[in-house]
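Written out below as structure tokens is the structure these notes cover.
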Amino acid sequence: MSLTAKDKAFVKAFWGKISSKADAIGQESLARMLVVYPQTKIYFPDWTDYSLGSPQVKKHGKTVMTAITDAVGKMDDLIGGMSALSDIHATKFRIDPVNFKILSHNILVTLAVNFPADFTAEVHVAVDKFLAALSAALADKYR
Amino acid sequence: MVVWTEFERATIQDIFSKMNYDVVGPQALARCLIVYPWTQRYFGNFGNLYNAAAIMGNPMVAAHGKVVLHGLDRAVKNMDNIKATYAELSVLHSEKLHVDPDNFRLLADCLTVVVAGQLGSSFTPEVQAAFQKFIAVVISALGRQYH
């Protein structure tokens, strides 16, 4: 399900609207994931606080969202663009790729909560496809 | 046996008592047909589904969205017996409608997004967890009679 020119245009335009809130979106998406899918906490065993207000969640949410925003500019070659990140996810973090889908879902929910008017069905399908393609690129080096 | 906490029960009753089924149902179904276009396979006789605007404005989609959401109401009213409540509907979806049960999850995800958009910040992570647990139980019940 490759990204069409229309998909890329929708993603870029929408990201332009949300970029000022990107860090908060990352934070909220991560917090939602940790609450709604508690098994994901296993990847953060030394954290002391998994709630929305946690400084650890805030910092990591920002890290993840910054990388995703960066990927918006690399949509023409996500596999190449994500290569280094794919390496460390494969060899160091070893996050089961099913969790990329879980985080993606929570990003979509966070976007719907915070941008109800802008997150139309057309934007939704484009962003969903982008996050799926990004997840595949992130898993590319796994085996 | 599904065990519901007091918070989960109250949250589900609260969400659905305030929900406008006739708005949320059509929006959720339309979104599903747009975001996961292969789900259009079940609606061959619905006329114009050529693009997002056509789907959002299609009266048959809207009517069916209402049917689906009012069907969900049965689970809201029978939270302690969702499995039995949906036995007949499960047979219908399997034997007559031939719906791939994975598609229940796709519609559920779109419903979650629509509800999130409606509730805004009151759709907290804890509320989202309760809502998704409820939906997961419904999906399981609907898939139960497939063989």
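So you know, we letter chains A, B, ... as the sequences are listed, proteins then strands, and number each from 1. Heavy atoms only: backbone and side chains are in, while hydrogens, waters and symmetry mates are out.
Per-residue heavy-atom pair counts under 4.5 Å with chain A were compared for B:Ser122, B:Ala30, B:Gly120, B:Ala52, and the maximum is reached by B:Gly120. Contact tally against chain A (heavy-atom pairs below 4.5 Å) for B:Leu119, B:Thr124, B:Val114: the top residue is B:Thr124.
Summarising the geometry, atom CG belonging to A:Asn114 is positioned 12.5 Å from atom CZ belonging to B:Phe123; distances are rounded to the nearest 0.5 Å.
When the side chains of ILVMFWY residues are joined at heavy-atom separations under 4.5 Å, either directly or via intervening members, B:Leu92 and B:Phe43 end up in a single hydrophobic cluster. Using a 4.5 Å cut-off between side-chain heavy atoms of Ile, Leu, Val, Met, Phe, Trp and Tyr, with links allowed through other members, A:Ile107 and A:Val57 fall into the same hydrophobic cluster. Hydrophobic clustering of Ile, Leu, Val, Met, Phe, Trp and Tyr side chains at less than 4.5 Å, counting indirect connections, unites B:Val24 with B:Phe134. Linking ILVMFWY residues whenever their side-chain heavy atoms come closer than 4.5 Å, directly or via other members, leaves B:Val115 and A:Val36 in distinct clusters. Hydrophobic clustering keeps A:Trp15 apart from B:Val35 (ILVMFWY residues linked when any side-chain heavy atoms are closer than 4.5 Å, directly or through intermediates).
Within a 6.0 Å radius of NZ in A:Lys12, other residues, nucleotides and ligands contribute more than 12 heavy atoms. Counting heavy-atom neighbours within 6.0 Å of A:Phe93 CZ, excluding the residue itself, gives a total above 12. Within 6.0 Å of NZ on A:Lys8 lie more than 12 heavy atoms contributed by other residues, nucleotides or ligands. Surrounding NZ of B:Lys133 are more than 12 heavy atoms belonging to other residues, nucleotides or ligands, all under 6.0 Å away. Annotation for B:Arg144: atom CZ does not count as buried by contact number, only 12 or fewer foreign heavy atoms lying within 6.0 Å. Around atom CE of B:Met60, more than 12 heavy atoms belonging to other residues, nucleotides or ligands sit under 6.0 Å away.
B:Asp109 has its side chain within reach of A:His105: a pair of non-hydrogen atoms, C-beta onward, lies under 4.5 Å apart.
For residues 118-143 of chain A, heavy-atom neighbours of chain B at less than 4.5 Å comprise A:Phe119, A:Thr120, A:Ala121, A:Glu122, A:His124, A:Val125, A:Asp128, sorted by residue number. Listed by sequence position, A:Tyr37 are the residues of residues 37-54 of chain A in contact with chain B, using a 4.5 angstrom heavy-atom cutoff.
For a residue to count as touching a neighbouring chain, one of its non-hydrogen atoms must lie under 4.5 Å from one of that chain's; by this rule B:Tyr36 touches chain A with the side chain only. There is no contact between A:Met33 and chain B, counting heavy-atom distances below 4.5 Å. With a 4.5 angstrom heavy-atom cutoff, B:Gln128 touches chain A via backbone and side-chain atoms both.
Nearest heavy-atom pair, A:Val113 versus B:Ser121, reported as atom, atom and distance to 0.1 Å: CG1-N, 3.9 Å. Scanning all heavy atoms of the two residues, the minimum distance from B:Val113 to A:Ala112 falls at O-CB, 3.5 Å.
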